Peer 1: 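I have a structure I would like to understand better, so I am pasting it below and will then ask my questions one at a time.
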Amino acid sequence: MARRNDHTREELVSLTLKAAKEFLDKHSYHELSLRKIATMIGYVPSTLVNVFGNYNLLLLHVVAQTLDELAYEAQLVVSQCQEPQKALHQLAICYHDFAQKNPYRWQLIFEHNMNGETLPEWQAERIDNMTSMLEELLHIIAPHRTHSDVIRTSRVLWAGVHGITLLSVDDKFFAKEPIDGKALIDDLLTQYLSNW
């Protein structure tokens with residue numbers, strides 16, 4: 001077993017999160033535990049508790065890094081589009097594709113529970129950054145709409161895209177022929193925005 005002073009705190013955080021994310025490349029977080037992560041990196045569980053506070057917060061750090069990666073990819077695709085409606089479509093497709101590439105980490109984002117603890121500010125800011133990207137595009141598309149309208153529409157669109165993505169990742173469309181989740185997302189956005 002490694003000793004506490006074999007790595008700095010920053011190195012231990014990095015090592016731990018890297019091991020957790022690599023595990024989640026192939027397995028659900030339901031198969032992960034504090035003990036399993038500690039064993040993977042050669043430490044005892046109590047060392048990880050000293051560094052992260054508890055297992056729940058360790059997982060929240062994994063969620064944070066996953067959201068950072070998603071935000072980076074989303075900002076990249078949006079910045080490459082000159083037309084706001086096309087950027088909105090690209091943002092939704094980016095969300096879908098990210099979930100397809102990282103199904104277990106994406107699952108963790110939405111199933112992680114703070115168990116009554118307050119969400120740390122650093123995590124709340126990440127969520128706000130993701131939703132504000134969608135809201136900004138909607139403000140550009142329909143500048144005459146009120147802020148409340150934009151917020152409501154952003155949540156409707158996000159819920160629709162999220163639902164399609166969830167069914168797509170889990171392959172739960174229950175149709176005889178394959179259904180393309182990206183085509184459904186395009187249909188949803190096109191139809192909704194044309195009537196908005």
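Every value quoted in this text rests on a predicted model; they were computed, and no experiment measured them. Only this structure's heavy atoms are used, side chains among them; waters, hydrogens and symmetry mates stay out.
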Peer 1: Could you tell me whether Glu83 atom CD has more than 12 heavy atoms of other residues or ligands within 6.0 Å of it?
Peer 2: no
Peer 1: Which heavy atom in Ala92 sits nearest to a heavy atom in Leu189, and how many Å separate them?
Peer 2: CB-CD1, 3.7 Å
Peer 1: For residues Gln107 and Pro103, determine if any side-chain heavy atom of one lies less than 4.5 Å from a side-chain heavy atom of the other.
Peer 2: no
Peer 1: For Tyr43 and His7, work out which heavy atoms get closest and say how close.
Peer 2: OH-ND1, 2.5 Å
Peer 1: Output, in order, the C-alpha distance, side-chain angles, deciding distance and verdict of side-chain contact (heavy atoms from CB on, under 4.5 Å) for Arg155 and Glu135.
Peer 2: CA-CA 9 Å; Arg155 296 320 186 262; Glu135 292 161 17; 2.7 Å; yes
Peer 1: Step by step, would you call His89 with Thr190 a side-chain contact (heavy atoms from CB on, under 4.5 Å)?
Peer 2: CA-CA 9 Å; His89 281 258; Thr190 301; 3.4 Å; yes
Peer 1: What's the separation between atom CD1 in Ile127 and atom CD in Glu125, rounded to the nearest 0.5 Å?
Peer 2: 10.5 Å
Peer 1: Any side-chain heavy atom of Lys182 sitting closer than 4.5 Å to one from Asp97?
Peer 2: yes
Peer 1: Is it true that, when you exclude Lys101 itself, more than 12 heavy atoms of the residues, nucleotides or ligands shown sit nearer than 6.0 Å to its NZ?
Peer 2: yes
Peer 1: If you apply the rule side-chain contact (heavy atoms from CB on, under 4.5 Å), what do you find for Trp122 with His61, and how did you get there?
Peer 2: CA-CA 10 Å; Trp122 49 265; His61 281 276; 3.8 Å; yes
Peer 1: Side chains of Leu138 and Leu157, heavy atoms from C-beta outward: is any pair under 4.5 Å?
Peer 2: yes
Peer 1: Would you name the heavy atoms of Ala38 and Pro45 that are closest together and state the gap between them?
Peer 2: CB-N, 3.6 Å
Peer 1: When you check the gap from the basic side-chain N to the acidic O, do Lys21 and Glu69 get nearer than 4.0 Å?
Peer 2: yes
Peer 1: For residues Ile41 and Leu48, determine if any side-chain heavy atom of one lies less than 4.5 Å from a side-chain heavy atom of the other.
Peer 2: yes
Peer 1: If we only count heavy atoms from C-beta on, is the His147 to His139 side-chain gap below 4.5 Å?
Peer 2: yes
Peer 1: Quick one: closest heavy-atom pair of Ala74 and Met133, and the distance?
Peer 2: CB-SD, 3.7 Å
Peer 1: With side chain to side chain contact (heavy atoms under 4.5 Å, CB included) as the test, pick out the partner of Ile37 among Thr16, Leu15, Val62.
Peer 2: Thr16
Peer 1: Could you check whether any side-chain N or O of Ser168 sits under 3.5 Å from a backbone N or O of Thr165, counting only pairs where one atom can act as donor and the other as acceptor?
Peer 2: no
Peer 1: Kindly indicate whether the side chain of Leu184, heavy atoms from C-beta on, has any atom under 4.5 Å from the side chain of Leu167.
Peer 2: no
Peer 1: If you define the side chain from C-beta out and look only at heavy atoms, does anything of Leu108 sit under 4.5 Å from Leu24?
Peer 2: yes
Peer 1: Testing the basics here: between Arg9 and Asn50, what is the closest heavy-atom pair and its distance to 0.1 Å?
Peer 2: NH1-O, 3.8 Å
Peer 1: Hydrophobic clusters here meaning ILVMFWY residues chained together by side-chain heavy-atom distances under 4.5 Å, can you tell me if Tyr192 and Ile140 are in one?
Peer 2: no
Peer 1: Is it true that Ile151 and Ile141 fall in one hydrophobic cluster, defined by side-chain heavy atoms closer than 4.5 Å?
Peer 2: no
Peer 1: Under 6.0 Å between ring centres, would you say that holds for His112 and Tyr29?
Peer 2: no
Peer 1: With side-chain contact (heavy atoms from CB on, under 4.5 Å) as the criterion, how do Phe52 and Val13 come out once you've worked through the C-alpha distance, each side chain's angles and the decisive distance to 0.1 Å?
Peer 2: CA-CA 8 Å; Phe52 290 95; Val13 166; 4.1 Å; yes
Peer 1: Could you check whether the rings of Trp158 and Tyr95 sit parallel, tilted or perpendicular, using 30° and 60° as the cut-offs?
Peer 2: perpendicular
Peer 1: Decide whether Leu76 and Leu137 are clustered together by the hydrophobic rule: side chain heavy atoms of Ile, Leu, Val, Met, Phe, Trp, Tyr closer than 4.5 Å, transitively.
Peer 2: no
Peer 1: Step through it carefully: locate the ring centre of Trp106, locate the ring centre of His96, and say whether they are under 6.0 Å apart.
Peer 2: no
Peer 1: If you look at every heavy atom in Leu34 and Tyr55, which pair is closest and at what distance?
Peer 2: N-CE1, 3.5 Å
Peer 1: Just by modelled atom types, is the Asp149 backbone N or O under 3.5 Å from a matching donor or acceptor in the Thr153 side chain?
Peer 2: yes
Peer 1: Any chance you could measure Gln123, atom CD, to Thr118, atom OG1, to the nearest 0.5 Å?
Peer 2: 13.5 Å
Peer 1: Taking atom CD of Glu11 as the centre, report whether more than 12 heavy atoms of other residues, nucleotides or ligands fall under 6.0 Å from it.
Peer 2: yes
Peer 1: Do other residues, nucleotides or ligands put more than 12 heavy atoms under 6.0 Å from the OH atom of Tyr72?
Peer 2: no
Peer 1: Could you tell me if the side chain of Leu60 sits less than 4.5 Å from the side chain of Leu57, heavy atoms only?
Peer 2: yes
Peer 1: For the pair Asn56 (side chain) and Asn113 (backbone), establish whether a donor and an acceptor sit closer than 3.5 Å, ignoring hydrogens and angles.
Peer 2: yes
Peer 1: How long is the straight-line distance from CZ of Arg126 back to CG of Leu67, given to the nearest 0.5 Å?
Peer 2: 7.5 Å
